[in-house]
Asks: 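Take a look at the following structure, please.
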Amino acid sequence: MSTIDVAETKDTIHVRSHLQYNAPEHISPQNVHPSPLEQFHIWFNEARNAGVREPESMSLSTATPSGIPSSRMVLFKQLDKRGFVFYTNYTSRKSKELDKNPNAALLFFWREISRQVRIVGKVEKLSEEESEEYFQSRPVGSQLGALASKQSAIIGENDLQERLERLRKRHRIGESTEAKIPLPDFWGGWRVLPR
């Protein structure tokens, strides 16, 4: 049951009250790290230690060259001195938009600790070597999913299962030998370089 008060008609939804967003502390230059990336490390670890569900979930916003925005949830996979990394299919809508308009915004929302973190920046594709290293670290099922999934495309009800089954046979998944799935050329990482 919802804890918000909502008035609803056939044509409208009106939220009349909500749970108050309570910031645990006042944020000022005196109580944050001078490096925004170091401060993110601190806050990310606080979220993990506080039991935030999926603290690695982040909203990724992209835009077409004409400025029409689009947002979706993706998984944060790495932070290094250059920026925030996520992986995806390079034929997806998000990748096509990033190819044509290399600007993005990320948003982490950690409701359990009343905190959100926003990042805006340019993007760059990861090197093939970086993408390969991450891809090979994934479970075989996730690797097959990356090969089989045609992100942002309409598919039939059984298409994905049939593709997965063909890939399992092709790569001999389930046999006694250890399968090595090659990195697809249409899959890899993006790095958001904070401004």
Side-chain angles (χ1 to χ4, degrees), residues 1-79 83-89 91-123 142 145-146 149-157 159-160 189-195:
M1 181 105 204
S2 175
T3 58
I4 60 172
D5 182 21
V6 175
E8 197 168 347
T9 68
K10 180 181 170 206
D11 299 324
T12 64
I13 297 174
H14 179 77
V15 178
R16 296 190 294 213
S17 67
H18 64 279
L19 296 174
Q20 185 61 42
Y21 182 83
N22 295 315
E25 64 202 34
H26 177 74
I27 297 173
S28 71
Q30 290 73 37
N31 66 6
V32 294
H33 198 283
S35 163
L37 295 180
E38 286 299 320
Q39 186 60 52
F40 181 84
H41 274 271
I42 294 165
W43 284 342
F44 186 76
N45 286 326
E46 284 177 8
R48 288 178 46 233
N49 295 333
V52 170
R53 287 188 59 183
E54 297 184 350
E56 71 279 17
S57 293
M58 61 184 184
S59 171
L60 166 68
S61 297
T62 58
T64 63
S66 62
I68 298 170
S70 178
S71 297
R72 79 286 288 152
M73 301 304 290
V74 297
L75 295 176
F76 161 64
K77 289 299 182 182
Q78 177 183 324
L79 174 64
F84 296 79
V85 173
F86 67 94
Y87 294 87
T88 191
N89 186 311
T91 66
S92 66
R93 176 178 175 174
K94 63 183 140 330
S95 287
K96 289 176 182 177
E97 289 180 355
L98 291 171
D99 276 333
K100 292 184 172 121
N101 180 355
N103 297 286
L106 304 174
L107 175 66
F108 292 84
F109 177 58
W110 301 320
R111 180 175 187 218
E112 297 89 338
I113 60 171
S114 300
R115 177 163 290 133
Q116 58 183 325
V117 179
R118 202 171 58 90
I119 298 105
V120 175
K122 290 277 191 193
V123 298
S142 296
S149 174
K150 295 182 178 179
Q151 289 186 6
S152 304
I154 298 171
I155 62 171
E157 192 170 324
D159 288 354
L160 186 58
W190 288 96
R191 180 178 288 109
V192 179
L193 311 167
R195 288 193 183 131

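Worth saying up front: this structure is predicted, and the values here are computed from it rather than measured.
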Asks: How close do Ser70 and Glu97 get, counting heavy atoms only, and between which atoms?
Replies: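 Smallest heavy-atom distance, with atoms named: CB-OE1, 3.6 Å.
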Asks: Look at the aromatic rings of Phe108 and Phe84 and report parallel, tilted or perpendicular, splitting at 30° and 60°.
Replies: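 Ring orientation of Phe108 relative to Phe84: tilted.
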Asks: Can you check whether Val32's main-chain N or O pairs, donor with acceptor, with Gln39's side chain at less than 3.5 Å?
Replies: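 Between the backbone of Val32 and the side chain of Gln39 there is no qualifying donor-acceptor contact (under 3.5 Å).
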Asks: Could you pull out the closest heavy-atom pair between Ala7 and Arg16, with the gap in Å?
Replies: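 Taking every non-hydrogen atom into account, CB-NH1, 3.5 Å.
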Asks: Assess whether side-chain contact (heavy atoms from CB on, under 4.5 Å) is satisfied between Lys122 and Asn103, documenting all intermediate values.
Replies: CA-CA 4 Å; Lys122 290 277 191 193; Asn103 297 286; 3.4 Å; yes
Asks: Mind checking whether Ser71 and Leu60 have side chains closer than 4.5 Å, heavy atoms only?
Replies: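 SC-SC contact between Ser71 and Leu60 ruled out.
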Asks: To the nearest 0.5 Å, how far apart are CE in Met73 and CD in Glu56?
Replies: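 Going from CE on Met73 over to CD on Glu56, the span is 10.0 Å.
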Asks: To the nearest 0.5 Å, what is the distance between CD (Gln78) and CZ (Arg191)?
Replies: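 It is 6.5 Å, given to the nearest 0.5 Å.
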Asks: I want to know whether Phe76 and Tyr87 have ring centres closer than 6.0 Å.
Replies: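 When the ring centroids of Phe76 and Tyr87 are compared, they turn out to be at least 6.0 Å apart.
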Asks: Not counting sequence neighbours, which residues clear salt bridge (Lys or Arg N to Asp or Glu O under 4.0 Å) with Glu54? List them please.
Replies: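 Once residues adjacent in sequence are excluded, Glu54 has no partner under the salt bridge (Lys or Arg N to Asp or Glu O under 4.0 Å) criterion.
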Asks: Taking only residues two or more places apart in sequence or in another chain, which ones pass salt bridge (Lys or Arg N to Asp or Glu O under 4.0 Å) with Arg48?
Replies: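 Listed in chain order: nothing, the list is empty.
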Asks: Taking Arg118 for its side chain and Leu106 for its backbone only, find out whether a donor-acceptor pair lies under 3.5 Å.
Replies: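 No; zero donor-acceptor contacts below 3.5 Å.
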Asks: Can Arg72 and Thr62 be counted as having a side-chain donor-acceptor contact under 3.5 angstrom?
Replies: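 The criterion, which ignores hydrogens and geometry beyond distance, is satisfied for Thr62 and Arg72.
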Asks: Indicate yes or no: at least one non-hydrogen side-chain atom of Glu46 is less than 4.5 angstrom from one of Arg115.
Replies: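 SC-SC contact between Glu46 and Arg115 confirmed.
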Asks: Under 3.5 Å, side chain of Asn49 to main-chain N/O of Asn45, donor-acceptor pair present?
Replies: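 At least one qualifying donor-acceptor pair exists.
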Asks: As an exercise, state the distance from CG of Asp99 to OG1 of Thr91, rounded to the nearest 0.5 Å.
Replies: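 So the gap between those two atoms works out to 10.5 Å.
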Asks: Keeping Trp110 on the side-chain end and Pro55 on the backbone end, is there a donor-acceptor pair under 3.5 Å?
Replies: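 Yes; at least one donor-acceptor contact below 3.5 Å.
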Asks: I'd like to know if the side chain of Asn31 reaches the main chain of Ser28, judged simply by a donor and an acceptor atom lying under 3.5 Å from each other, with no hydrogens or angles considered.
Replies: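 Yes, the answer is positive, given that a donor and an acceptor are paired below the 3.5 Å cut-off.
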Asks: With a cut-off of 6.0 Å (strictly less than), are more than 12 heavy atoms of other residues, nucleotides or ligands near CZ of Arg195?
Replies: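 Buried by this count: over 12 neighbours within 6.0 Å.
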Asks: Might you work through the side chain to side chain donor-acceptor pair (under 3.5 Å) test for Lys94 and Thr88, ending with a clear yes or no?
Replies: CA-CA 9 Å; Lys94 63 183 140 330; Thr88 191; 3.1 Å; yes
Asks: Keeping the roles fixed (side chain from Ser59, backbone from Leu107), state whether a donor-acceptor pair exists under 3.5 Å.
Replies: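 A pair under 3.5 Å: no.
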Asks: For Glu112 and Val52, which heavy atoms make the closest approach, and how far apart are they?
Replies: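 Taking every non-hydrogen atom into account, OE1-CG1, 3.4 Å.
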Asks: Given the rule in the side-chain contact (heavy atoms from CB on, under 4.5 Å) test, do Phe40 and Val117 qualify, once you have shown the distances and angles that lead to the verdict?
Replies: CA-CA 8 Å; Phe40 181 84; Val117 179; 3.9 Å; yes
Asks: Answer with yes or no whether the side chains of Asp11 and Thr9 bring together a donor and an acceptor at under 3.5 Å.
Replies: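 No donor-acceptor contact under 3.5 Å links the two side chains.
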Asks: Is Ser95 reaching over with its side chain to a backbone N or O of Ser92, donor-acceptor style, under 3.5 angstrom?
Replies: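 No; judged by distance alone, with no hydrogens or angles, the pair does not exist.
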Asks: I need the minimum non-hydrogen distance between Ile113 and Ala50, along with the two atoms involved.
Replies: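 Distance-wise, the nearest heavy atoms are CG2-CB, 3.5 Å.
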Asks: What is the distance from atom CZ of Phe86 to atom NZ of Lys77, rounded to the nearest 0.5 Å?
Replies: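 Reported value, rounded in 0.5 Å steps: 12.5 Å.
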Asks: What distance separates Leu37 CG from Ile119 CD1, expressed to the nearest 0.5 Å?
Replies: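 Taking CG in Leu37 and CD1 in Ile119, the distance rounds to 9.0 Å.
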Asks: If you round to the nearest 0.5 Å, how far is NZ of Lys100 from OG of Ser66?
Replies: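 Rounded to the nearest 0.5 Å, the OG-NZ separation comes out at 11.0 Å.
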